[in-house]
**Student:** 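Sharing a structure, written as C-alpha cells. Questions coming.
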Amino acid sequence: ETGVTQTPRHLVMGMTNKKSLKCEQHLGHNAMYWYKQSAKKPLELMFVYNFKEQTENNSVPSRFSPECPNSSHLFLHLHTLQPEDSALYLCASSHAGTEVMSGNTIYFGEGSWLTVV
Amino acid sequence: KQEVTQIPAALSVPEGENLVLNCSFTDSAIYNLQWFRQDPGKGLTSLLLIQSSQREQTSGRLNASLDKSSGRSTLYIAASQPGDSATYLCAVRQNSGGSNYKLTFGKGTLLTVNP
C-alpha cells in the first residue's frame, strides 16, 4: 500500500466507449501525475497537476481528458480511444515542484491496465 | 531533451551474487535521481533517491551512486535473492519550465535472480 489508489485495476473498452480512470492519494501531497507505460517503452509523462491546476500537458491527444477536482483526486476521462492506447496507466503524487529541493519522493499507484478493442 | 538509458536491458544471476545496474543520462542539469522497482503488473516502488549534491545513498543491501558530471548512476545489489527479481527503473528529475518539474525514466533493467 503506497497511499495512492487507482481504480479500476483492469479495463476493457471499445473504441466508441467513454470511461474514466480514478486516482486518489492519502499522503497530503499537492502534485499529481498521469503516466503511460507501454511495452518496451519508457514511462511517458502525460499530465501534471500542481495545487489542482494543470501545469503540464505532454502533447497528449484530446481523447484523453484529465480532471483534478482537488489535491487528493485525479481522473483521466477516456473517449474514442485507439487500440494503440492500450497500456498501463499509472497515477503518482508528490509534494509540489516548489518543494523539490527537499528531495520529494514520488509515489505511484498500482496502475490501471487498459485494453482498447 | 533528456534521455535516460539503462544497461543491461535484462540480467539473470544466481542467488547470492552481487550485481550492478547502470543508468546514464544525457543532461546533467538534474535535481535528483531516483531508483524504482516494479513487479510484474504492478506500480512503481521507490528504492532510493539521490540528491544532485550527493554521491550515494544506501538502504539495506542496496547502494546507489551518482556521478552527475558524467551523467551516470549505478545501483548495487548485494547478496541477491530471488525476491529481488523485478524490473528496476532509473529516473532523473529536472525543471521543465517555471515551477514545473518532471521525471524522465529509462526503459528499465529486468532482473531475474535464480534460486
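Below, read A as the first sequence line, B as the second, and so on, with proteins coming before strands; counting in each chain starts at 1. In this text, all values refer to a predicted model and were calculated from it rather than measured experimentally.
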**Student:** Looking at B:Lys1 and B:Asp27, is any side-chain nitrogen of the basic one under 4.0 Å from a carboxylate oxygen of the acidic one?
**Tutor:** no

**Student:** Give, as side chain, backbone, both or neither, the part of A:Gln37 having an atom under 4.5 angstrom from any heavy atom of chain B.
**Tutor:** side chain

**Student:** Just to verify, which of B:Asn18, B:Leu62, B:Val20 counts as forming a side chain to side chain contact (heavy atoms under 4.5 Å, CB included) with B:Ile77?
**Tutor:** B:Leu62

**Student:** Roughly how far, to the nearest 0.5 Å, is the OG atom of B:Ser12 from the CD atom of B:Glu17?
**Tutor:** 9.5 Å

**Student:** Does anything in residues 105-115 of chain B reach chain A? List residues with heavy atoms under 4.5 Å apart, or say none.
**Tutor:** B:Phe105, B:Gly106, B:Lys107

**Student:** Quick check for you: among B:Ser46, B:Ser53, B:Gly41, which has the greatest number of heavy-atom pairs under 4.5 Å with chain A?
**Tutor:** B:Gly41

**Student:** Tell me, side chain or backbone of A:Leu90 under 4.5 Å from chain B's heavy atoms, or both, or neither?
**Tutor:** side chain

**Student:** Give the C-alpha distance, both sets of side-chain angles, the deciding distance and a yes or no for side chain to side chain donor-acceptor pair (under 3.5 Å) between B:Glu15 and B:Gln81.
**Tutor:** CA-CA 5 Å; B:Glu15 182 176 3; B:Gln81 303 171 358; over 6 Å; no

**Student:** Please look at B:Gln38 and chain A and tell me whether the side chain, the backbone, both or neither of the residue comes under 4.5 angstrom of a heavy atom of that chain.
**Tutor:** side chain

**Student:** Looking at OG of A:Ser71 and CE of A:Met32, how far apart are the two atoms once the value is rounded to the nearest 0.5 Å?
**Tutor:** 8.5 Å

**Student:** Tell me whether the centres of the aromatic rings in A:Tyr35 and A:Phe108 are closer together than 6.0 Å.
**Tutor:** yes

**Student:** Tell me, for B:Ile50 versus chain A, whether the close heavy atoms (under 4.5 Å) come from the side chain, the backbone, both or neither.
**Tutor:** neither

**Student:** Can you tell me how far CG of B:Asn22 sits from OG1 of B:Thr5, rounded to the nearest 0.5 angstrom?
**Tutor:** 11.0 Å

**Student:** Any chance the rings of A:Phe47 and A:Phe64 have centres within less than 6.0 Å?
**Tutor:** no

